[in-house]
Amino acid sequence: MTEFTPWLSLLGGSLIGLAAVLLMAFHGRIAGMTGILSALIPPLSSDWGWRAAFIVGAIGAPALIVALTGYTIPFESPTPAPWLIIGGLIAGAGAYFGSGCTSGHGVCGMARVSPRSIVATLTFMASTAITVFVIRHVIGGL
């Protein structure tokens, strides 16, 4: 069971929104993790510098918080590793075919009222709901 953490959630969401707005304001770029990360895979994009800095910050900031405060978020998954790997591959394929992920479409695209992003985000959420329903109620959980 997870704990309800409204203040931490509000702070985290605000920081994500601030990062997205600053990236758009200063670089004219969408803060979609799939697009940022894919441009770091060779051949490198000509603007790889800010992309690398963004990824280093996304990984380094939480690591720094843990190192400085010792605060960690406990995590355990009853799902077997092979299922997690399969789920990750399916999510990756969806991000590829959807031309982006929930960070780009859901956070940035919907904020810009992009019809394509609204449809993509609704598709992501509907797929999630259908998958959860099928796994829990049709197959009976795994």
Side-chain angles (χ1 to χ4, degrees), residues 1-45 47-48 50-142:
M1 192 65 129
T2 59
E3 293 182 32
F4 179 58
T5 57
W7 295 114
L8 286 176
S9 301
L10 179 63
L11 177 62
S14 298
L15 290 174
I16 289 170
L18 179 64
V21 167
L22 290 175
L23 186 61
M24 178 60 83
F26 290 116
H27 293 283
R29 299 294 187 175
I30 301 296
M33 294 301 282
T34 303
I36 292 170
L37 189 58
S38 67
L40 292 176
I41 299 169
L44 294 177
S45 169
D47 60 351
W48 68 271
W50 74 263
R51 294 171 188 273
F54 193 95
I55 297 297
V56 167
I59 296 169
L64 184 63
I65 289 172
V66 170
L68 294 176
T69 67
Y71 179 79
T72 60
I73 297 173
F75 174 78
E76 66 179 66
S77 175
T79 306
W83 284 105
L84 293 175
I85 293 168
I86 291 168
L89 292 171
I90 292 170
Y96 175 78
F97 289 116
S99 298
C101 59
T102 51
S103 59
H105 286 300
V107 174
C108 300
M110 289 186 59
R112 294 180 302 116
V113 195
S114 164
R116 183 173 148 243
S117 290
I118 292 169
V119 169
T121 304
L122 289 172
T123 302
F124 297 152
M125 296 300 110
S127 298
T128 302
I130 291 166
T131 300
V132 169
F133 180 82
V134 169
I135 294 292
R136 288 192 177 173
H137 301 290
V138 176
I139 296 175
L142 294 172

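Just so you know, these numbers come straight off a predicted model, no measurement behind them.
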Could you tell me if the side chain of [Y] sits less than 4.5 Å from the side chain of [X], heavy atoms only?
{"X": "Met33", "Y": "Ile55", "value": "yes"}
{"X": "Leu8", "Y": "Tyr71", "value": "yes"}
{"X": "Cys108", "Y": "Met24", "value": "no"}

Can you tell me how far [atom2] of [Y] sits from [atom1] of [X], rounded to the nearest 0.5 angstrom?
{"X": "Ile85", "Y": "Thr79", "atom1": "CD1", "atom2": "OG1", "value": "12.0 Å"}
{"X": "Trp83", "Y": "Ile135", "atom1": "CH2", "atom2": "CD1", "value": "6.5 Å"}
{"X": "His105", "Y": "Leu122", "atom1": "NE2", "atom2": "CG", "value": "12.0 Å"}
{"X": "Ile41", "Y": "Arg51", "atom1": "CD1", "atom2": "CZ", "value": "11.5 Å"}
{"X": "Ser117", "Y": "Ile30", "atom1": "OG", "atom2": "CD1", "value": "7.5 Å"}
{"X": "His27", "Y": "Phe54", "atom1": "NE2", "atom2": "CZ", "value": "10.5 Å"}

Self-check item: Heavy atoms from other residues, nucleotides or ligands near CH2 of Trp48 exceed 12 (cutoff 6.0 Å)
Solution: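 No - once you tally the heavy atoms of other residues, nucleotides and ligands closer than 6.0 Å, there are 12 at most.
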For a quick test of reading the model, state the closest non-hydrogen atom pair linking [X] to [Y] and the distance between them.
{"X": "Pro62", "Y": "Ala58", "answer": "CD-O, 3.2 Å"}
{"X": "Val66", "Y": "Thr72", "answer": "CG1-CG2, 3.8 Å"}
{"X": "Thr34", "Y": "Ala95", "answer": "OG1-CB, 3.9 Å"}
{"X": "Ser9", "Y": "Thr5", "answer": "OG-O, 2.7 Å"}

